[in-house]
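Have a look at the structure below, then the notes.
To find a chain, count down the sequence lines: A is the first, B the second, and so on, and within it residues start at 1. None of these values were measured; they are calculated from a predicted model.
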Amino acid sequence: MTASCAHPIPWATLVDYWAGDLDEAETAAVDEHLFGCGACTATSARVAVVTEAVRDVLPPVVTRARVERLRAGGVRVRENAFQPGARSDVDFTRDADLLIHRLEGLALADAARVDLRITSEATGDEISSFEGVPFDATAGTVLVACQRHYSALPHDTVMTVSIHAPSAPPRTARYTILHHWESP
Amino acid sequence: MEAPDGELVRRIAAGAEDAPAAEAELCRRFAPRIRLYGLRHLRDEDRARDLVQAVLLAVLQAARDGRIADPDRADRFMLGTSRNVARRMRDGDRRTTGDEGLDQLAAPAAHEPERVDLAALSRCLGTLDERGRRVVMLSFNDERRSEEIATLLAISAGNVRVLRHRAIAALRRCLDAGSGAPPNVETDA
């Protein structure tokens, strides 16, 4: 095992390798180098920890099809409906793995793009924002996947949905959702 | 100074007194490499662990039997065996890991890979700029190639790659800072 490497594989190449963006010959060359090089194996492991964790991340906004796949896979999903302008409490109870906040009452028939911005009600600070999230134009809904590890984030959230349609100014709808977390 | 791989293989083949220690050392060196190969090519942590067990068993048996033709290139033998076993696993052959053989391992691969705290990862993803975050999520969550992402974001595939490796380096730094790990050595250049 080598403690160092005379010709280390560049970080960028390792990221491409884990992204599956190298061709067959390049991938084989990286495999060969890694088997002979402990130093590059260690670096590759540091890349992989991040990329493979990202693979497992459930996006904060999901499609109905993904919710149903999660349910079919045994995930305990609890779904709650919210109306624009309302201020609502929601409990993340021990018997749920995932909450789906169904943001209803949205006029999405002509929507070309929908964005979501989440802020803290108390401070107004932005928690996160997402452009081009999935939406259901027919049902007029956006599905927010509230995950247990979000308990580390502020619990008093204001979710602002911005609807962008051709030849029309953006429309917004706000939902205030106050989260209460039970330890698993 | 550590014994070279070839020296370990020769000790195992000779049935030397310290052959069990040589086997343990060979397992320690190669288990992480085989696991990463499995993770990359089988895309599943459990199957990657199965691969580690199956490959180490096969290679140690070959070493004991003196069937590793070039002991100094034991890494090539490990890679070749990994490729063959992974191919059989992808083809659905379940005969790759005989549980009965696992206790023959002088040192079962006790390597515990690093785990990521999802809450920390979410916070770190939130620190990326919008384009970097989208490229990372499209690459690894949606499994899209750089050319596809380039079309979606109206930038070049080369730009996608640059944004991606910089974003992964930023995530790595962010996770290290949160965990108190030593400073990283990656650059985002």
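Residues A/Val15 and A/Ile9 share a single hydrophobic cluster, defined by chaining ILVMFWY side chains whose heavy atoms lie under 4.5 Å apart. Note: the hydrophobic cluster containing A/Val67 does not contain A/Leu103 (ILVMFWY, side chain heavy atoms under 4.5 Å, direct or indirect links). Cluster annotation: A/Val77 and A/Leu58 are assigned to the same hydrophobic cluster (Ile/Leu/Val/Met/Phe/Trp/Tyr, side-chain heavy-atom contacts under 4.5 Å, transitive). Criterion: ILVMFWY side-chain heavy atoms under 4.5 Å apart, direct or through other members. Under it, A/Val57 and A/Leu153 are not part of a common hydrophobic cluster. Cluster annotation: A/Trp181 is connected to A/Val144 through the hydrophobic network of ILVMFWY side chains, with a link wherever side-chain heavy atoms come within less than 4.5 Å.
Ranked by non-hydrogen atom pairs under 4.5 Å with chain A, the options B/Ala74, B/Ser139, B/Ser146, B/Cys124 are led by B/Ser146. With chain B as partner, the option from A/Ser128, A/Gly20, A/Gly132 having the largest number of non-hydrogen pairs under 4.5 angstrom is A/Gly20. Highest contact tally toward chain B, considering only A/Leu14, A/Asp21, A/Thr13, is held by A/Asp21 [criterion: heavy-atom pairs under 4.5 Å]. Between chain A and the options B/Glu143, B/Arg115, B/Glu45, heavy-atom pairs under 4.5 Å are most frequent for B/Glu143.
Heavy-atom contacts from other residues, nucleotides or ligands closer than 6.0 Å to CZ of B/Arg83 number more than 12. Atom CZ of A/Arg66 sits in a crowded spot, with more than 12 heavy atoms from other residues, nucleotides or ligands closer than 6.0 Å.
Using a 4.5 Å heavy-atom cutoff, the side chains of B/Ile168 and A/Thr51 are in contact. Two residues are said to be in side-chain contact when any heavy atoms from C-beta on lie closer than 4.5 Å; A/Asp31 and B/Tyr37 meet this criterion. Proximity of B/Phe140 to A/Val50: side-chain heavy atoms (C-beta onward) are nowhere separated by under 4.5 Å. Between A/Trp11 and B/Arg172 there is a side-chain heavy-atom pair separated by less than 4.5 Å.
Heavy atoms closer than 4.5 Å to chain B are found in the side chain of A/Glu52, but not in its backbone. For chain B, the nearby part of A/Thr27 is the side chain; its heavy atoms alone come within less than 4.5 Å. Heavy atoms of B/Leu36 lying under 4.5 Å from chain A belong to its backbone as well as its side chain. In this structure, the portions of A/Tyr17 lying under 4.5 Å from any heavy atom of chain B include both its backbone and its side chain. With a 4.5 Å cut-off on non-hydrogen atoms, A/Ala45 touches chain B through its backbone and its side chain both. For chain A, no part of B/Arg73 is nearby; none of its heavy atoms comes within less than 4.5 Å. Contacts of B/Glu147 with chain A are made by side-chain atoms alone, with heavy-atom separations under 4.5 Å and no backbone atom involved. Neither the backbone nor the side chain of B/Arg144 comes within less than 4.5 Å of any heavy atom of chain A. For A/Ile127, no part lies near chain B; criterion is any non-hydrogen pair under 4.5 Å.
The nearest pair of heavy atoms linking B/His165 to A/Ala12 is CD2-CB, 3.4 Å. Considering every non-hydrogen atom in both A/Val54 and B/Met137, the closest pair reads CG1-SD, 3.9 Å. Considering all non-hydrogen atoms of both residues, B/Arg33 and A/Thr41 come closest at CG-OG1, 3.5 Å.
Of the charged side-chain nitrogens involved, at least one lies within less than 4.0 Å of a carboxylate oxygen, so that B/Arg164 and A/Asp16 count as a salt-bridged pair.
The cationic atom of B/Arg76 (NZ for Lys, CZ for Arg) does not lie both less than 6.0 Å from the six-membered ring centre of A/Phe35 and within 45° of the ring axis.
A distance of 8.5 Å separates CD of B/Glu130 from CZ of A/Phe130, quoted to the nearest 0.5 Å.
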Next item on the list: Determine, stepwise, if the pair B/Glu114 / A/Arg46 fulfils salt bridge (Lys or Arg N to Asp or Glu O under 4.0 Å).
Entry: CA-CA 8 Å; B/Glu114 179 189 353; A/Arg46 285 175 56 73; 5.2 Å; no
